[in-house]
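Everything below concerns the one structure shown next.
Atoms considered below: every heavy atom in the structure, side chains included; atoms not considered: hydrogens, waters and symmetry mates.
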Amino acid sequence: MPSAVRCSFFRVVLVALLLVALLQLLYLSLLSNLHGQQQQRSAHPVLAGTPRTEPRWQREHRDHLKALLASSGVLDATGQYRIYRHLLSRETGQVKDVALASHASLSNLWHLQELVQRWDGRISLALFASSAAQAKLATLLTYTLAQMCPSIRQRVSFHLVCQSGDIAVFPEQDDAAEFAHLQTCQAVFAKAANMGTNIINYAGNASYPNNLLRNVARGGIGSAAFVLVVDIDMVPSQGLRSGFMDLAAQGVDPHLVFVVPSFEIRHTRRLPGTKEELLRLYQVGEVRAFYEELCPRCQAPTNYSVWLNLPEKDNSGRLAVAYVVEWRDPWEPFYIGSKDVPAYDERFKQYGFNRISQACELNMAGFSFAVLDSAFLLHKGHKLPGDFHSQKEAENKRNRLLYRGFKEELKMKYADSSRRC
């Protein structure tokens, strides 16, 4: 055989072998991808496999969720909202503990990540879903968080509030498919954060029932003796829970609530954890008093100038009461109180007077306000007038009229009280 023919023959054989090798590599790659997808599907709590391969807690949580959703929840007092309490199976905390209660729309759920990092105890979170589709997504997202995030699973109680005409249902496999590729806690929170892109406060087709949500969250704290109610985009200072538990162990006046001074921080890349760090950022204008631009009177009784200039603490560093002040309109402090303090009036929705009304009733009921010396709350971002939706002023006007009537009702409810709002 001529050398030219042999050379051509070997080239053909070599090309054929290379082609076969490439096809084999392609087949192995496709097989690997398919296996990975199957693993993802089997790892997801809704798409998981047989009971034999599931952790016991996962099976219990899913069975509990299915039973809860099948019950159709309960209606609130007005019949406007449907409530599903404890989406995951209930867990109890310490009897003498202080829990944190908060509320959020689905678009703001991503804030929970930093809240869990800062608060080392129980958290009760009421989620609002403005449609049936959001209700289904809320159950799926919270359940996925519990699957991927041990701290969420162990310490957070979720409650769902939706409109009465919307029935939450257990997610099907097709619904869960978009979550199947999420393999870490961080990835789930990243997806949740994307849901909140370009969302304006309180915007939507349904009124945001903030006081109903606060009451639902407060009612989910289990056996804890005290509760701190905050908005979802706020974080507490480091060690607030343990510091307050030490303070409460010494005995506290049942007619006191404990004010946690609140601030706003411009940039959120690194949040101060101690008062010393907070003071440094305050001095350079990075941190300012909460509502300083929107409503300085709403926080003025906190007396920030005194609080910021309190003497340095001794080496013990124990949390203590700095001073006690009486309430005056329109103060709306964030505070730690017993779980038996008056509830929030659920007629207040959307923007305006929802927290002031409850603080007003605390005053009428005989409570005084003790300001803690070194604990604080941080709102992520400076609050600015342009951050709100176009209906804000109309809602504020409506709630102002409601507040006037509410104060007259309190005079009847607390007829023996010498205090007024």
Side-chain angles (χ1 to χ4, degrees), residues 74-83 85 98-105 108 123-128 157-163 201-202 206-222 224-234 255-260 262 290-291 295 298-299 327 329-367 369 377 379 395-396 398-414 417 419 421:
V74 296
L75 297 180
D76 76 319
T78 68
Q80 291 180 277
Y81 298 97
R82 189 176 301 277
I83 304 169
R85 301 180 187 274
V98 52
L100 186 145
S102 191
H103 59 98
S105 59
N108 283 321
I123 295 175
S124 178
L125 179 63
L127 268 177
F128 179 61
S157 297
F158 290 103
H159 320 279
L160 178 63
V161 176
C162 53
Q163 297 184 90
N201 290 348
Y202 298 116
S207 295
Y208 187 79
N210 32 34
N211 275 0
L212 170 62
L213 293 167
R214 290 184 176 110
N215 286 339
V216 169
R218 272 183 43 173
I221 64 172
F226 299 93
V227 59
L228 169 63
V229 181
V230 302
D231 294 339
I232 192 66
D233 53 0
M234 307 184 84
H255 291 98
L256 278 182
V257 295
F258 299 85
V259 175
V260 185
S262 306
F290 187 68
Y291 259 41
C295 182
C298 295
Q299 296 297 322
W327 183 86
D329 199 18
W331 193 22
E332 49 177 18
F334 293 93
Y335 63 86
I336 296 174
S338 76
K339 61 182 179 182
D340 299 322
V341 300
Y344 294 86
D345 192 292
E346 296 173 5
R347 292 172 294 181
F348 292 91
K349 302 174 187 177
Q350 292 286 101
Y351 185 86
F353 297 91
N354 47 79
R355 287 193 301 109
I356 296 175
S357 56
Q358 199 256 1
C360 167
E361 181 165 1
L362 284 175
N363 173 59
M364 292 284 287
F367 286 86
F369 297 77
L377 289 170
H379 177 272
E395 294 163 2
N396 203 38
R398 171 197 169 275
N399 282 339
R400 182 180 289 109
L401 292 174
L402 179 58
Y403 182 52
R404 289 173 185 170
F406 175 76
K407 290 193 289 186
E408 293 301 315
E409 293 172 6
L410 290 183
K411 290 179 183 179
M412 300 292 293
K413 184 176 181 179
Y414 300 99
S417 176
R419 299 184 180 188
C421 290

Practice problem: Working to the nearest 0.5 Å, report the span between CD1 of Ile123 and OG of Ser157. | Solution: 9.5 Å
Self-check item: Contact check, side chains of Leu100 and Val227, non-hydrogen atoms, under 4.5 Å
Solution: no
Quiz item: According to the interplanar angle, ranging from 0 to 90°, do the rings of Phe128 and Tyr81 count as parallel (below 30°), tilted (30 to 60°) or perpendicular (above 60°)?
Solution: perpendicular
Practice problem: Could you verify whether a donor N or O on one side chain and an acceptor N or O on the other, from His379 and Asp233, lie under 3.5 Å apart? | Solution: yes
Practice problem: Look up atom NE2 in His159 and atom CG in Leu125, then write down how far apart they are to the nearest 0.5 Å. | Solution: 7.5 Å
Self-check item: Side chain proximity check, Leu213 to Tyr344, heavy atoms < 4.5 angstrom
Solution: no
Quiz item: Is there a side-chain contact between Lys339 and Phe226 (heavy atoms, below 4.5 Å)?
Solution: no
Quiz item: Would you call the rings of Tyr208 and His103 parallel, tilted or perpendicular if under 30° counts as parallel and over 60° as perpendicular?
Solution: tilted
Quiz item: Would a 4.5 Å heavy-atom cut-off, applied to side chains only, mark Arg347 and Phe406 as touching?
Solution: yes
Quiz item: What heavy-atom pair brings Phe290 and Gln299 nearest, and what distance separates the two atoms?
Solution: O-CG, 3.3 Å
Quiz item: With distance as the sole test, does Ser262 use its side chain to make a donor-acceptor pair with the main-chain N or O of Val260 at under 3.5 Å?
Solution: yes
Quiz item: Between Leu410 and Cys360, is any pair of side-chain heavy atoms under 4.5 Å apart?
Solution: yes
Exercise. Please step through salt bridge (Lys or Arg N to Asp or Glu O under 4.0 Å) for the pair Arg404 and Glu409, ending with a clear verdict.
Key: CA-CA 9 Å; Arg404 289 173 185 170; Glu409 293 172 6; over 6 Å; no
Quiz item: Are Arg398 and Glu395 ion-paired here, with the side-chain N under 4.0 Å from a carboxylate O?
Solution: no
Quiz item: Quick one: does NZ or CZ of Arg355 land under 6.0 Å from the six-membered ring centre of Phe334, within 45 degrees of the ring axis?
Solution: yes
Practice problem: May I ask you to test the Trp327-Cys421 pair for a side-chain heavy-atom distance under 4.5 Å? | Solution: yes
Quiz item: What distance do Tyr403 atom OH and Ile356 atom CD1 have between them, rounded to the nearest 0.5 Å?
Solution: 6.0 Å
Quiz prompt | Whether Ser417 side chain and Tyr414 backbone form a donor-acceptor pair below 3.5 Å | solution = no
Quiz item: Relative to each other, are the rings of Trp331 and Phe369 parallel, tilted or perpendicular (30° and 60° limits)?
Solution: tilted
Exercise. For the pair Phe353 and Phe348, evaluate side chain to side chain contact (heavy atoms under 4.5 Å, CB included) and give the outcome as yes or no after the intermediate values.
Key: CA-CA 7 Å; Phe353 297 91; Phe348 292 91; 3.8 Å; yes
Self-check item: CG-CZ distance between Leu362 and Arg419, expressed to the nearest 0.5 angstrom
Solution: 10.0 Å
Quiz item: Are a donor atom and an acceptor atom from the side chains of Asp340 and Ser338 found within less than 3.5 Å of each other?
Solution: no
Self-check item: SB check Glu361 Lys407 (cutoff 4.0 Å)
Solution: no
Quiz item: Can Glu346 and Asn215 be counted as having a side-chain donor-acceptor contact under 3.5 angstrom?
Solution: yes
Quiz item: If you look at every heavy atom in Ala217 and Ser124, which pair is closest and at what distance?
Solution: O-OG, 2.7 Å
Quiz prompt | Student check: side-chain heavy atoms of Asn210 and Tyr351 closer than 4.5 Å | solution = no
Self-check item: Heavy-atom side-chain proximity of Val161 to Arg82 below 4.5 angstrom
Solution: no
Exercise. Report the distance from atom CG of Leu377 to atom CE of Met234, rounding to the nearest 0.5 Å.
Key: 5.0 Å
Quiz item: Counting N and O atoms only, with roles assigned by atom type, does the side chain of Ser102 sit under 3.5 Å from a partner on the main chain of Val230, one being a donor and the other an acceptor?
Solution: yes
Practice problem: Could you grab the distance from atom CD1 of Ile83 to atom CG of Leu212, nearest 0.5 Å is fine? | Solution: 5.0 Å
Exercise. Give a yes or no on whether a salt bridge exists between Asp231 and Arg214, defined as a side-chain N under 4.0 angstrom from a carboxylate O.
Key: yes
